[in-house]
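It should be emphasised that the depicted structure is a prediction, and the values quoted were computed from it without experimental measurement. Throughout, numbering of the chain's residues begins at 1 and tracks the sequence.
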Amino acid sequence: MPALVLLGAQWGDEGKGKATDLLGDRVDYVVRYQGGNNAGHTVVIGKEKYALHLLPSGILSPNVVPVIGNGVVIDPSVLLQEIAGLNERGIDTSKLKISTNAHLITPYHRTIDKVSERFLGNSKIGTTGRGIGPAYADKINRIGIRVQDLFDPSILRQKIEGALRDKNQVLIKVFNRKGIEVEEVLKEYLAYAEILAPYVCDTVLLLDQALKANKNVLLEGSQGTLLDVDHGTYPFVTSSNPTAGGASTGSGIGPTKITRVIGIVKAYTTRVGSGPFPTELFDEDGEKLRTIGGEVGVTTGRNRRCGWYDAPIARYAVRVNGLTDFFLTKLDVLTGWEKIPVCVAYDIDGKRVEELPSSQSDFHHAQPIYEYLPGWTEDISGARTLEDLPANARAYVKYLEDISGAPMSAIGVGPGRDQTIAVRDLIN
């Protein structure tokens, strides 16, 4: 059975949790393949609302095996809090599997992240301060701590000592901060070994066996395409690869086993943190989108920057990820506008540019070129088929599909699990 990838097609916060949860009853495994607790997924089931940060959204489906892959960086304290929180609400987390090769976030990663960001001042990236970037840096520098190291106290000590040898010098001499004690970190992290042991396994082998047994495997990304460290708006990006290529490296599933890539895209655009954003609104329309859409970061609590739909970004996401489908979310938020602008191209220094510019400087200077579509006033939250939508809402969806480069196979008309129009089957 081929694997499916579900990822963000903009700057994240597109509603991936809703999409994953919707498919959860039809898949056997849901794999988180990159990122850390710098991302958040919100899932609404009935009257219950769940905010997930490290755990795959599939954990809310009783028949799904949730997997944290090797490409994720894990803060053990955050993970255990999240597990405990779900257990208290009656959610079974016992099926969770964690890769032995996933890297760990430590107290010194969090400290360095926060002081480094403050040190940058006006040039700051806009990180969450949760240690994700420094943990990935240690991974690349080959001094990272992996989940499997928790079960070898000698190796764990050596790695902590080696990391703090340099990091304490930086904290003390550059940032004028107190150094971090090896014994404190060692004691805390050795205590996690016994608690996490039941969840830890060779997830690459597990997933390979699942695919050979004809199981459905859904690979779930965090953040979004334009936050990819290689393909995003660098340096205002995350430290991993949310794009489809990252699904293979972060899970151990070979690319030939992935046959469908679904991009989650909002009916408008949002972004959290610093960096270019051509369609960003600074007027009452932007505030209206933020208010109606509830555009506040699940993890950070920061207000999201809001703007109109950007077709060049959608086309870029299709190109970079090989998207086969779009899942359009939050169409209901646009109810009430007389006219809805859609960015179809950019004006860059007087020249019309149809695609996302490869130059960061050009993208900073990009001004949106809009086409205007008629809006609608009818409540669409109860729509369950395309025919239930008012004519102008259907025309808006069709227009976005035509200029974005992939079919709109599902449409979200509200936050609830059942508030989705299934246009095409996303699995078969």
Side-chain angles (χ1 to χ4, degrees), residues 11-13 34-41 51-54 71-82 85 102-147 156 159-189 191-192 222-224 227-229 232-242 271-275 296-305:
W11 276 288
D13 306 309
Q34 50 73 226
N37 59 304
N38 56 339
H41 292 161
L52 305 174
H53 304 279
L54 272 170
V72 178
V73 287
I74 301 170
D75 186 324
S77 62
V78 173
L79 177 61
L80 292 175
Q81 287 173 17
E82 200 165 325
H103 280 246
L104 298 176
I105 298 170
T106 68
Y108 51 81
H109 292 132
R110 293 192 298 269
T111 299
I112 288 175
D113 197 2
K114 291 174 183 176
V115 298
S116 299
E117 185 77 346
R118 284 197 291 266
F119 187 76
L120 290 172
N122 293 333
S123 300
K124 64 183 179 180
I125 303 299
T127 75
T128 59
R130 286 166 168 76
I132 281 80
Y136 274 116
D138 277 5
K139 176 179 179 176
I140 299 303
N141 286 328
R142 292 165 292 186
I143 57 171
I145 296 173
R146 297 188 292 178
V147 170
L156 183 61
K159 289 197 170 186
I160 294 172
E161 287 177 343
L164 285 178
R165 190 177 298 118
D166 293 332
K167 286 176 174 53
N168 275 339
Q169 294 296 313
V170 173
L171 286 172
I172 295 168
K173 295 181 179 179
V174 176
F175 296 114
N176 196 29
R177 297 288 175 138
K178 181 183 177 181
I180 295 173
E181 296 293 332
V182 171
E183 295 301 327
E184 290 181 7
V185 180
L186 182 64
K187 180 180 179 181
E188 177 186 349
Y189 277 64
Y192 293 134
S222 62
Q223 288 98 20
L227 290 178
D228 187 281
V229 68
T233 50
Y234 190 90
F236 305 101
V237 293
T238 193
S239 302
S240 58
N241 294 108
R271 172 166 203 169
V272 173
S274 306
V296 179
V298 177
T299 297
T300 63
R302 293 181 290 186
N303 284 336
R304 296 176 185 142
R305 301 156 64 190

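When all heavy atoms of G133 and S239 are compared, the pair lying nearest together is CA-OG, 3.2 Å. Nearest heavy-atom pair, R304 versus V272, reported as atom, atom and distance to 0.1 Å: CG-CG2, 3.2 Å. Counting all heavy atoms, side chain and backbone alike, Q34 lies closest to Y136 at C-OH, 3.9 Å. Nearest approach of A135 to I105, heavy atoms of both residues: CB-CG1, 3.8 Å. Residue T238 comes nearest to V229 through the heavy atom pair O-CB, 3.5 Å, listed as atom of the first residue, atom of the second, then distance. Across every non-hydrogen atom of V237 and L227, the tightest pair is CB-O, 3.3 Å.
Considering L79, V147, L80 in turn, L80 is the only one that fulfils the side-chain contact (heavy atoms from CB on, under 4.5 Å) rule with Y192.
In this structure, N176 places its CG atom where only 12 or fewer heavy-atom neighbours from other residues, nucleotides or ligands lie under 6.0 Å away.
With rounding to the nearest 0.5 angstrom, the CZ atom of R130 is 7.5 Å from the NE2 atom of H53. Taking CD1 of I145 as the start and OH of Y189 as the end, the distance is 7.5 Å to the nearest 0.5 Å. A distance of 13.5 Å separates CD1 in I74 from OG1 in T106, rounded to the nearest 0.5 Å. Distance check: L186 CG to L156 CG gives 5.5 Å after rounding to the nearest 0.5 Å. Once rounded to the nearest 0.5 Å, the distance linking CZ of R146 with CG of L104 reads 10.5 Å.
By the salt bridge (Lys or Arg N to Asp or Glu O under 4.0 Å) test, D75 is found to be paired with R110, residues two or more places apart in sequence or in another chain being considered. Looking at residues two or more places apart in sequence or on another chain, you find a salt bridge (Lys or Arg N to Asp or Glu O under 4.0 Å) between R305 and E280.
With a 4.5 Å cut-off on side-chain heavy atoms, V73 and N37 do not count as touching. A heavy-atom distance below 4.5 Å is found between the side chains of P107 and E188.
Remark: the backbone N or O of I180 is paired with a side-chain donor or acceptor of N168 at under 3.5 angstrom.
For residues 159-170, the pairs satisfying salt bridge (charged side-chain N to carboxylate O under 4.0 Å, His left out) are D138-K167, D149-K159, R157-E161, with sequence neighbours left out.
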